[in-house]
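Remarks on the structure that follows.
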Amino acid sequence: MTDTVSRRKIEVLVDAPLIPRVTAAAERAGVSGYTLLPALGGSGRGGRWSDDQVTGVESKVMFMTVASAEKAAALIDALAPVLESHGLLLINTAVEVVRGGKF
Amino acid sequence: MTDTVSRRKIEVLVDAPLIPRVTAAAERAGVSGYTLLPALGGSGRGGRWSDDQVTGVESKVMFMTVASAEKAAALIDALAPVLESHGLLLINTAVEVVRGGKF
Amino acid sequence: MTDTVSRRKIEVLVDAPLIPRVTAAAERAGVSGYTLLPALGGSGRGGRWSDDQVTGVESKVMFMTVASAEKAAALIDALAPVLESHGLLLINTAVEVVRGGKF
Amino acid sequence: MSGGLGVLLSPVILFFVLGASAAFARSDLSIPEAIAKGLSLYLMAAIGLKGGVQVAEAGFTADMAAAAAAGLVLSCLIPLPAYLALRRFGRLNAVNAAAVAAHYGSVSVVTFVTGVEVLDSGGLPPAGYMVAVLALMETPAIIVGLMLARRGATGVEAQPRGALLHETLLNGSVVLLTGSFVIGLIAGKDGYAPIAPVFDTAFRGILCLFLLDMGLVAARRLRDARALTWRTAILAVVFPVVNGTVGVLVGVWAGLDTGSAAALGILAASASYIAVPAAMRLALPQADPGLYLSMSLAVTFPFNITLGIPLYTALATALS
Amino acid sequence: MSGGLGVLLSPVILFFVLGASAAFARSDLSIPEAIAKGLSLYLMAAIGLKGGVQVAEAGFTADMAAAAAAGLVLSCLIPLPAYLALRRFGRLNAVNAAAVAAHYGSVSVVTFVTGVEVLDSGGLPPAGYMVAVLALMETPAIIVGLMLARRGATGVEAQPRGALLHETLLNGSVVLLTGSFVIGLIAGKDGYAPIAPVFDTAFRGILCLFLLDMGLVAARRLRDARALTWRTAILAVVFPVVNGTVGVLVGVWAGLDTGSAAALGILAASASYIAVPAAMRLALPQADPGLYLSMSLAVTFPFNITLGIPLYTALATALS
Amino acid sequence: MSGGLGVLLSPVILFFVLGASAAFARSDLSIPEAIAKGLSLYLMAAIGLKGGVQVAEAGFTADMAAAAAAGLVLSCLIPLPAYLALRRFGRLNAVNAAAVAAHYGSVSVVTFVTGVEVLDSGGLPPAGYMVAVLALMETPAIIVGLMLARRGATGVEAQPRGALLHETLLNGSVVLLTGSFVIGLIAGKDGYAPIAPVFDTAFRGILCLFLLDMGLVAARRLRDARALTWRTAILAVVFPVVNGTVGVLVGVWAGLDTGSAAALGILAASASYIAVPAAMRLALPQADPGLYLSMSLAVTFPFNITLGIPLYTALATALS
Ligand SMILES: Nc1ncnc2c1ncn2[C@@H]1O[C@H](COP(=O)(O)O)[C@@H](O)[C@H]1O
Ligand SMILES: Nc1ncnc2c1ncn2[C@@H]1O[C@H](COP(=O)(O)O)[C@@H](O)[C@H]1O
Ligand SMILES: Nc1ncnc2c1ncn2[C@@H]1O[C@H](COP(=O)(O)O)[C@@H](O)[C@H]1O
Ligand code: NA
Ligand code: NA
Ligand code: NA
């Protein structure tokens, strides 16, 4: 059996122009490993959107990181202002990760 | 510490031509917030597929929504016919979300 | 209420050139259903990357499969060598799936 | 080398062969999906414009009405014998047989475009209105196919008819083709001139790149085609030969010029892989997409591109 | 058909109409985002190069300085009356009014490109330096808009100014336009010749395809525009008419030739949907993107493409 | 301005500089990945076709065999001294040194394409068969690099040889280049004519757009290059100068014409960033991709595009 450890997976749906701010906040919170995943569109209180590379303003990207519970909490705190001002969706899931070379 | 609440994350892998029907079912079930994520390919009992924008028929998209347990149950019931007829994959995960402006 | 069963969701972030090896390992472990999701970029101990289709070497793809606990364990064991050599991220989450035509 | 099998050595066809060979050899050569989609939209806009400009020049003629009627009838009737052959010889169930039959009643834009290229370079340009015939033939077969499915199989749900009809008639490819045709009609030769470098001069080169992709796609599908039996594979060659012959005969009989009769044959012989599969996935989810895509895209399409088009052209030339 | 409303029947505009019609009819026609982005980058590079080559030919002139000054002043001042109108007549709050006002002070590259096409084919080519004026007008309005927001509303955070200024001035479209302009200036007519087939001969055809996409995008947005009231919709038509008229007047008064004065009118009339929305989303998250995109992209842009450009052109012709 | 450093002011190179400047200034300018990939596939098809058509015209010659042999030998031998320099002067471990050495033995298609453009416009067109030499040189260095890694380091697993060889020889770029070359050979000048507007006339303009992207990519990589020490950075400039000189000398000695000798120098000087990185990521996962991509893409590639190509050209002109 391969060894696994408990971690938190944090997913944040971020407006494309905001990505640099989110990754900077992550780095400040000590989270240096993350992955960005594309999104195609969606719907919320602000109406519908779909990925739009010409104006660029409506594209959103899923920021995803796996971190220990403490680091995850620190990240959420660091992101609090931008979550608030831009009303971003943040999802926090309990996961296990395999101790490859990675953790 | 930022405040979090428990929710369900529902993910459904949907054939591209079916998306309007799935989002319509979601809206009928009272789920107005959702995000669509792209998929590249995969394999299942129906064989392999890969994203193919020319014929369009084999593309699939991940419909994702975070909702309360009751709304999630209502959504799954609303989707039941199309899950059945098209044999779609539906994943239901326990998550926490941050109460930004969002929930 | 629609019937659900407990499963494991395994997500592995795979370098694009390695995908055939990962899917082959999955098939050897008896996992024949999986989905590939695109990724845009990220950061880790090896520095930053972003999807790059010209050289192709830095692209990564999220391999995702939902399987029973035993099959998931078998898959993780089958992937162990490549997880080790390439230091891949593997995430293992408890999920529920709806018994559509699928499971 | 202007006619017959010499066509097989033109770059357009050779790029198709290159793509297919790369896929069979399991090369990782691949064209980004967004590019392939972009190329296919370009081809539809270009062929639509060209047809419209030609009709603007030639005016509306009796031929045109004859060709339109012939196309409509072929699209409605071809599914019927196809359905029977698929059930009897192909041993398919009613739903699968109906879905496949609809594909053969409808048409393939790329096969048509390639056929026009071949006819043009062989000195037999089809009339511009054949583009309108192409657009007319895309959808009727879908409705016939669904009627066959409902007859043959119990448990095929009554779909929301209106929705499906809407989705079918306003399918992106139908809209772009028809729209470009109308733009060509309005703009005429003078309005077309400034955009001709993109839509006319560049056409063949871009077709090369698109057929490279289609070669990859068709061969990958053939390689992974579990759903294909030898019976259905045979039908996927017999259908184009028979339908193409019928199409040429009808065209000649309706009084079309040689190029247009050949083009009608090409349309009849071709099988859809854009509008129809999408409609079937919605309306007949019980049908197996692996089956209908394998037949139309992995067998019939390559057959038409390489052997079919010269065949129907030769037949039309012989008969008129 | 060379001037006036005959322009509405050119393929460039007809493709825009086709896209819009397809979206209104809820067709699934769509152009991959990567292709649309690629086309827009191409248009910026092409228009920048063309302007640079023309300036390399014509040399730097006093006109050029006058046009630049006029453009800068327009970009800074247009937001002020717009803001007042949006607050009073449009009934928007201060933040939304400021965000929308910034869009109207800035410019739309595609409107300009389409305008240049129309002017060129009407025999009134604007001077090459108008591309530089376009680049100059993209950003000042953003700063004015943010100042308005800070005045009118409490709770608008002091943003990291430096970061925003950097993001705005180095916005991809500004960089590509300016950079291509400089390349055209350096390369001159001789250096441009070997790349002219792509950037010049193909320009109109590619503009057709891009406007097809813009038609789809604008009409989809109009269809889903919950944020648009009849008051803001009216302003989205009044603004271009007023600003365009002012732009033409300023251009004529500053001594520009007819084509350039018309181009200045087109710039003044146009509303940004690339640089400004991105800056606003960062700096004024409280403002509603649904509102400013609907006004600029779903109303003002189609108005300018179809009716506005001929209007400002006619005005410039009448006045000079 | 036809030769020497005047080349640096051609739009093709200026677009590269524009891309690099934008990335250094941290502009958000970016070209969609699908477009960049599409452009690179286009360039490979175009250069392959062109070479094939030229060989179809000129016939097979003894020169061709000499050039092929020279290319193969260079690709196999260049990694050996490079490996030693990387270990001794560069202070890399065996695995990293071997991986980097393989990159310098192999070739860069874009460097070659840009070099051919420069040679063509300087009146020194290389022979068409140099495209075949390019294809031949892509893969041998990979095998030499892996042998070096296995010698120098323990714990380098015996890879499934067959699989890797297959992946390398059927790498998409090798297949497309070779396939297009063969298509050009079959089609000849007459078959090529109808597709020449896309593959020939448009070539330079499209190369501009692609080099804009390469400038962005190279500069972003240089900016983020943590793995680069000053020692490896120096080697990334010394390698192309030395290998390029050797390549030109071998070319002249083998009796090639001036343009072809310069092209052989360009090939020898260039470092792969398509076929080799992918193979190394598979076969030598212990090697650091940050290192080999930074050296080949962020240092050697820009050096060759700007200074290297004129240098090797001048050398070839002086020697023949
Ligand atoms: N409950 C939800 N589940 C999934 N995605 C959501 C949800 N709510 C909002 N979103 C996403 O977040 C975006 C912005 O939401 P809003 O701020 O409510 O407009 C939406 O367009 C969706 O893509
Ligand atoms: N166990 C699974 N895990 C993840 N994705 C799956 C699984 N089973 C099926 N899929 C996805 O669902 C698609 C359709 O499945 P199927 O209906 O079994 O052909 C497959 O092609 C996969 O992309
Ligand atoms: N903690 C993490 N959370 C999410 N993604 C990660 C994490 N660590 C690494 N990654 C992803 O895995 C890639 C390779 O990681 P590394 O091997 O550490 O460079 C990174 O570039 C990220 O895309
Ligand atoms: Na047919
Ligand atoms: Na304006
Ligand atoms: Na080399």
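Below, all heavy atoms of this structure are taken into account, side chains as well, without hydrogens, waters or symmetry copies. So that the names make sense, note that chain A is the first sequence line, chain B the second, and so on, each numbered from 1.
With C/Val98 as the fixed residue, the side-chain contact (heavy atoms from CB on, under 4.5 Å) test singles out one of B/Ile10, B/Leu83, B/Leu79: B/Leu83.
Taking CG of B/Asn92 as the reference point, atom CZ of C/Arg7 lies at 13.5 Å (rounded to 0.5 Å). Remark: C/Leu36 CG to B/Asp51 CG distance equals 11.0 Å, nearest 0.5 Å. Rounded to the nearest 0.5 Å, atoms CE (B/Met62) and OG1 (C/Thr35) are 6.0 Å apart.
Counting heavy atoms from C-beta on, the side chains of B/Ile91 and C/Met64 come closer than 4.5 Å.
The candidate from B/Ser43, B/Gly44, B/Ala74 with the greatest count of non-hydrogen atom pairs under 4.5 Å with chain C is B/Ser43.
The two residues C/Leu37 and B/Pro38 have their closest heavy-atom pair at CD2-O, 3.5 Å. When all heavy atoms of B/Thr93 and C/Ala94 are compared, the closest pair comes out as CG2-O, 3.8 Å.
In this structure, C/Thr23 has no side-chain hydrogen bond (donor to acceptor under 3.5 Å, both in side chains) partners at least two apart in sequence or on a different chain.
Identified by a heavy-atom distance below 4.5 Å to chain C, contributing residues of residues 26-34 of chain B are lacking entirely.
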